[in-house]
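For clarity, every value in this text was computed on a predicted model and none was experimentally measured. We number each residue from 1, following the sequence as shown. Note: hydrogens, waters and symmetry copies are ignored here, and every other heavy atom, side chains too, is used.
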Amino acid sequence: MPSLLYKSLTDYNSPLFRTQLLNVSAASPPSPPPPNRNLSCRITSQSMSCSSETPLPTLRTVTIPYYELKDKDADLSLKIEEGFGPNGLGILSITDVPEFPSLRRNLLCLSSRLAALPEDVKKELEDPQSRYNFGWSHGKEQLESGKPDLLKGSFYANPLIDVPTNDTCLIQRYPSYCGANIWPLAAFPELEVAFKALGKLIFDVGLMVAYHCDQYVSRGMKMRKDEGLEQILLRSRCHKGRLLYYFPAQLSNHEENGDSMSSWCGWHTDHGSLTGLTCAMFKRNDVEISCPDSAAGLYIRTRSGEIVKATFGENEIAYQIGETTEILSQGYLCATPHGVRAPKGKEASGVDRSTFALFMQPDWDEKLKFSEDVYIHKELIPSNDSLTFGEYSEMLLDKYYHKKT
């Protein structure tokens, strides 16, 4: 029997397809996690490619209207399972969020200006101590091949708290989370205002998503209220926003890596709890344009090992599950590997791309409880099955960046 993932886009959006894919009904409790959790394959160092002659299937994300999301009495369990459950893509999107379109545009339009700041100004925005997880970062990240990623620049900041702690011991131990924000106050004061406004909105909506995730998970496992995703995120000081700018590439560069499924962002799985994501903005010569290549965009590796392109609307906020949530939910909510494919061809020459992600994650001292059959980064888990999120994330950073000295 051919895979359901290779049906047409229209079939994917049909109620029949979603019922077949999930094998649940709206009144059904969530199914237990799959016995063989290794089906949820993690791709963090393997390069993937696909010939342009064999286009991959495109899936529209599961969507939830904002008015439904903010209703705590609404039963959204079916949609949560469709998007985040063991058979989902690990992503869903929220529509009709007030003020989001304007806040998204305000911030994304600033990314090219940030990247164009003088080199000495950007140098002042770098923070090597945090392994470039605060301020400006370019060419510091390593995913897949081990080579520096020169295709994009990033600006990191906590949109909720400028100074999470003044404890020097904590800052030295967890510099990626406990450090202070670095804003270009003199050279570019607009950045802080726009960054915080969009980040706070995505966080607030993300808390609503987390609430409904907790309602879904509580049907299948026992947990106290303070153990739920919503409360974990609400008490955390570790949230991190990332404004990304993908530099315009020449035609030759696009053609060289044109078949790579991760030519603009390497394959990875978010290690935090919940990632809020905006739809990308494309520009040529500072003029906004549509994406010049229909094959470009966000690609996800499914539980069955297939690769699909995931799409959501320009005015929607997408949320992706991270590995920490998969661990804490014992597999009821599942993270997926994903990468970004760059546009190629003549129309893509000279085009840049901007987007924003908010990584919502536990506090550095939040205890993570690992079940006996945990498989995600199993080599990092100590024999006593106990780590704080800070300890866990520092180990992961050692894998993808240089180790601290």
Side-chain angles (χ1 to χ4, degrees), residues 2-26 40 50 52 54-69 74 76-97 100-101 104 202 205-206 208-209 212-213 216 261-262 264-265 269-270 274-282 290-321 333-343 353 355-357:
S3 169
L4 288 172
L5 288 171
Y6 284 94
K7 288 193 174 185
S8 68
L9 180 59
T10 302
D11 286 340
Y12 283 130
N13 289 320
S14 71
L16 176 60
F17 168 74
R18 296 209 180 274
T19 301
Q20 290 174 326
L21 180 64
L22 297 170
N23 195 25
V24 297
S25 68
S40 178
C50 181
S52 59
T54 56
L56 294 168
T58 297
L59 283 176
R60 183 68 166 81
T61 58
V62 174
T63 60
I64 299 175
Y66 178 74
Y67 76 88
E68 287 188 10
L69 185 73
L76 301 181
S77 56
L78 180 58
K79 287 192 174 183
I80 294 295
E81 182 158 13
E82 284 184 89
F84 293 157
N87 292 314
L89 292 179
I91 186 172
L92 56 73
S93 58
I94 310 302
T95 65
D96 306 316
V97 178
F100 172 71
R104 167 188 170 270
I202 294 177
V205 177
M208 299 179 194
V209 174
H212 288 285
C213 285
Y216 164 73
M261 293 308 304
S262 57
W264 233 347
C265 183
T269 306
D270 295 347
L274 193 65
T275 301
L277 187 66
T278 70
C279 191
M281 175 184 291
F282 293 88
S290 300
C291 179
D293 181 2
S294 61
L298 175 66
Y299 283 81
I300 291 173
R301 181 149 181 130
T302 70
R303 293 296 175 282
S304 59
E306 293 162 293
I307 302 174
V308 300
K309 181 184 176 185
T311 64
F312 58 96
E314 178 180 297
N315 292 326
E316 299 171 14
I317 308 176
Y319 289 90
Q320 290 182 286
I321 289 293
L333 304 170
C334 298
T336 48
H338 49 276
V340 179
R341 184 175 186 172
R353 176 182 183 268
T355 191
F356 177 80

Atom [atom1] in [X], atom [atom2] in [Y]: separation rounded to 0.5 Å?
X: I317; Y: L92; atom1: CD1; atom2: CG; answer: 11.5 Å
X: L69; Y: Y319; atom1: CG; atom2: OH; answer: 8.0 Å
X: E68; Y: K79; atom1: CD; atom2: NZ; answer: 5.0 Å
X: L76; Y: Y216; atom1: CG; atom2: OH; answer: 13.0 Å
X: L274; Y: C213; atom1: CG; atom2: SG; answer: 6.5 Å
X: M281; Y: R353; atom1: CE; atom2: CZ; answer: 11.5 Å

At their closest point, which heavy atom of [X] faces which heavy atom of [Y], and how far apart are they?
X: E314; Y: F100; answer: O-CE2, 3.9 Å
X: L277; Y: A357; answer: CD1-CB, 4.0 Å
X: C279; Y: F312; answer: N-CE1, 3.4 Å
X: T269; Y: A335; answer: CG2-CB, 3.7 Å
X: P292; Y: P343; answer: CG-CB, 3.8 Å
X: C291; Y: A296; answer: SG-CB, 3.9 Å

Quiz item: Under the side-chain contact (heavy atoms from CB on, under 4.5 Å) criterion, do I80 and L333 qualify, and how do the steps go?
Solution: CA-CA 9 Å; I80 294 295; L333 304 170; 4.0 Å; yes

Quiz item: After noting the C-alpha distance and the side-chain angles of F282 and D293, does the key distance pass the side-chain contact (heavy atoms from CB on, under 4.5 Å) rule?
Solution: CA-CA 11 Å; F282 293 88; D293 181 2; over 6 Å; no

Quiz prompt | Stepwise side-chain contact (heavy atoms from CB on, under 4.5 Å) check, I91 with T336 | solution = CA-CA 8 Å; I91 186 172; T336 48; over 6 Å; no

Self-check item: Y66 side chain reached by V205 side chain, heavy atoms, under 4.5 Å
Solution: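 With C-beta onward as the side chain, the pair touches.
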
Quiz item: Do the side chains of T58 and K309 get nearer than 4.5 Å, heavy atoms only?
Solution: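 Side chain of K309 against side chain of T58, heavy atoms only: contact under 4.5 Å found.
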
Self-check item: Option among I300, I307, L89 that satisfies the side chain to side chain contact (heavy atoms under 4.5 Å, CB included) test with H338
Solution: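 Passing option: I300.
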
Quiz item: With no hydrogens and no angle check, is any side-chain donor or acceptor of R104 less than 3.5 Å from a backbone partner on T355?
Solution: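 Judged by distance alone, no pair lies under 3.5 Å.
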
Practice problem: Kindly write out the residues that satisfy side chain to side chain contact (heavy atoms under 4.5 Å, CB included) with T63, not counting sequence neighbours, or none if the list is empty. | Solution: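 Here the qualifying residues are R60, T61, S93, T95, E316.
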
Practice problem: Could you walk me through whether I94 and M208 pass side-chain contact (heavy atoms from CB on, under 4.5 Å), step by step? | Solution: CA-CA 10 Å; I94 310 302; M208 299 179 194; over 6 Å; no

